Undergrad: 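Shown below is the structure under consideration.
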Amino acid sequence: LRACHRMRRIVVTGNSGSGKSAFAQCLADLGVPVFSADAAVAELYAPRGEAARWIGRLNSPTPLLAPDGSVNKAALMDAMHASPALRREVEGIVHALAHAALESFWANQESLGAPLAVAEVPLFFESGWQHSSDPRPHVVGIRCPQPVRAQRIEANRGWPQEKIEAIEGWQWAQDRKMAACDTVIDNDGSAKDLCNRAQEFLV
């Protein structure tokens, strides 16, 4: 008979530029199966993606889809910034679709017998997934000083300051987010330091 065992579920979260993707990659390099909410949303936004088909039908003064049928993320960002109601509507459907993808990932990894699996979910708390996850995962928060995060975002993503401020305004403040996590890992050193902390976390 198969042993009654539940896979250990880990969620990695943090604010923009904190290093949560790097931490998740460290875990993946150690052989841990990893889900990325951002990658799932990218698939939903792609041509013929489920979210792209829905967003294309929204009433907007500017087209929200690119010529190939994918979501024009810059146009969508501007539209969401201009209309809080539109932002809530988009977030509602996209979060629901991404959550379904996450639940499918958990179920698949558990069926394969994985002892643990990791999901990188930037908006885990903001989307309310902590209330709809059963069993509730262990949440790891990646913490990084705001000035360092801003420098990383500008260097790696090229976001202007106003976009950084808008994204930060849609998320929980870092202190509040970290307080809600089960484990907090500081990312105030090198990439190697972060991977060492990832390895220590698994021990």
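All values below were derived from every heavy atom in this structure, side-chain atoms included, with hydrogens, water molecules and symmetry-related copies excluded. Note that the structure is predicted; figures quoted are calculated from it, not measured.
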Undergrad: Side chains of Lys177 and Arg143: does their closest heavy-atom pair fall under 4.5 Å?
TA: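 Not touching, per the 4.5 Å side-chain cut-off.
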Undergrad: Would you indicate whether the side-chain heavy atoms of Pro137 and Ile10 approach each other to under 4.5 Å?
TA: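 Counting from C-beta outward, Ile10 and Pro137 never come under 4.5 Å.
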Undergrad: Starting from Met178, can I reach Val11 by hopping between I/L/V/M/F/W/Y residues whose side chains sit under 4.5 Å apart?
TA: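 Per the 4.5 Å side-chain linkage, Val11 and Met178 are not co-clustered.
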Undergrad: Kindly give the heavy-atom pair with the smallest separation between Met80 and Val90, and that separation in Å.
TA: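 The pair with the smallest heavy-atom distance is SD-CG1, 4.1 Å.
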Undergrad: So do the side chains of Arg152 and Asn187 get within less than 4.5 Å of each other, counting heavy atoms only?
TA: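 The answer is yes, as the side chains (C-beta and beyond) meet within the 4.5 Å cut-off.
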Undergrad: Nearest heavy-atom pair of Trp106 and Ala117: which atoms, and what distance?
TA: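 Looking at all heavy atoms of both residues, the shortest contact is CZ3-O, 3.4 Å.
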Undergrad: Could you check whether any side-chain heavy atom of Val12 comes within less than 4.5 Å of a side-chain heavy atom of Ile142, counting everything from C-beta outward?
TA: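 Answer yes - side chains close enough.
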Undergrad: Got a donor-acceptor contact below 3.5 angstrom from the Glu110 side chain to the Met7 backbone?
TA: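 Confirmed, Glu110 side chain pairs with Met7 backbone.
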Undergrad: Looking only at non-hydrogen atoms, find the nearest pair between Trp172 and Gln130 and report the distance.
TA: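 Closest approach of Trp172 to Gln130: CH2-NE2, 4.2 Å.
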Undergrad: Run the side-chain donor-acceptor check on residues 196-203: report pairs under 3.5 Å with partners two or more places apart or on a different chain.
TA:
from	atom 1	to	atom 2	distance (Å)
Asn196	ND2	Lys192	O	3.4
Arg197	NH1	Asp186	O	2.2
Arg197	NH1	Asp188	OD1	3.2

Undergrad: Side chains of residues 50-66: which donor-acceptor pairs under 3.5 Å do they make with residues two or more places apart or in other chains?
TA:
from	atom 1	to	atom 2	distance (Å)
Arg53	NH1	Arg48	O	2.6
Arg57	NH1	Arg53	O	3.3
Ser60	OG	Thr62	N	3.4
Ser60	OG	Thr62	O	2.8

Undergrad: Ignoring hydrogens, what is the shortest heavy-atom contact between Cys181 and Phe125? Give both atom names and the distance.
TA: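 Taking every non-hydrogen atom into account, SG-CE1, 3.9 Å.
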Undergrad: Under 3.5 Å, side chain of Ser104 to main-chain N/O of Ala100, donor-acceptor pair present?
TA: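 Pair absent, no side-chain N/O of Ser104 close to backbone of Ala100.
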Undergrad: Tell me whether Val121 shares a hydrophobic cluster with Leu116, the cluster being built from Ile, Leu, Val, Met, Phe, Trp, Tyr side chains joined at under 4.5 Å.
TA: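 In one cluster with Val121: Leu116, no.
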Undergrad: Report the C-alpha separation of Ser127 and Glu91 in whole Å, then their side-chain angles, then the decisive distance to 0.1 Å, and conclude whether the side chain to side chain contact (heavy atoms under 4.5 Å, CB included) test is met.
TA: CA-CA 8 Å; Ser127 59; Glu91 287 178 344; over 6 Å; no
Undergrad: I'd like to know if Phe35 and Phe124 are part of one continuous hydrophobic network [Ile/Leu/Val/Met/Phe/Trp/Tyr, side-chain heavy atoms within less than 4.5 Å].
TA: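 Phe124 and Phe35: one cluster.
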Undergrad: Determine whether Asn72 and Leu76 make a side-chain contact, defined as any pair of heavy atoms from C-beta on separated by less than 4.5 Å.
TA: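 They are not in side-chain contact.
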Undergrad: Considering residues, nucleotides and ligands other than His138, do more than 12 of their heavy atoms fall under 6.0 Å from its NE2?
TA: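 Buried by this count: over 12 neighbours within 6.0 Å.
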Undergrad: Between Asn108 and Ser111, what is the shortest heavy-atom contact and its length?
TA: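 Residues Asn108 and Ser111, closest heavy atoms: O-OG, 2.6 Å.
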Undergrad: May I ask you to test the Arg136-Asp182 pair for a side-chain heavy-atom distance under 4.5 Å?
TA: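 Heavy-atom side-chain distance check passes, below 4.5 Å.
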Undergrad: Kindly give the heavy-atom pair with the smallest separation between Arg149 and Ser16, and that separation in Å.
TA: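 Scanning both residues, the minimum pair turns out to be NH1-O, 3.0 Å.
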Undergrad: For residues His95 and Leu123, determine if any side-chain heavy atom of one lies less than 4.5 Å from a side-chain heavy atom of the other.
TA: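 Yes, their side chains come closer than 4.5 Å.
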Undergrad: Hey, are the side chains of Val139 and Thr183 touching, using non-hydrogen atoms and a 4.5 Å cut-off?
TA: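 The answer is no; the side chains never approach within 4.5 Å.
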Undergrad: Identify whether Leu194 and Ile153 are in the same connected component of the hydrophobic contact network (ILVMFWY, side-chain heavy atoms under 4.5 Å).
TA: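 Different clusters.
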Undergrad: Examine distances only and state if a side-chain atom of Ser70 and a backbone atom of Tyr45 form a donor-acceptor pair shorter than 3.5 Å.
TA: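 No, the answer is negative, given that no donor and acceptor are paired below the 3.5 Å cut-off.
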Undergrad: Cut-off 3.5 Å, no hydrogens considered: what does the side-chain donor-acceptor table look like for residues 17-26, sequence neighbours left out?
TA:
from	atom 1	to	atom 2	distance (Å)
Ser18	OG	Asn15	O	2.8
Lys20	NZ	Asn15	O	3.2
Ser21	OG	Glu120	OE1	3.3
Ser21	OG	Glu120	OE2	2.6
Gln25	NE2	Asp29	OD1	2.8

Undergrad: Are the side chain of Gln174 and the backbone N or O of Cys144 linked by a donor-acceptor pair below 3.5 Å?
TA: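 Such a contact is found between Gln174 side chain and Cys144 backbone.
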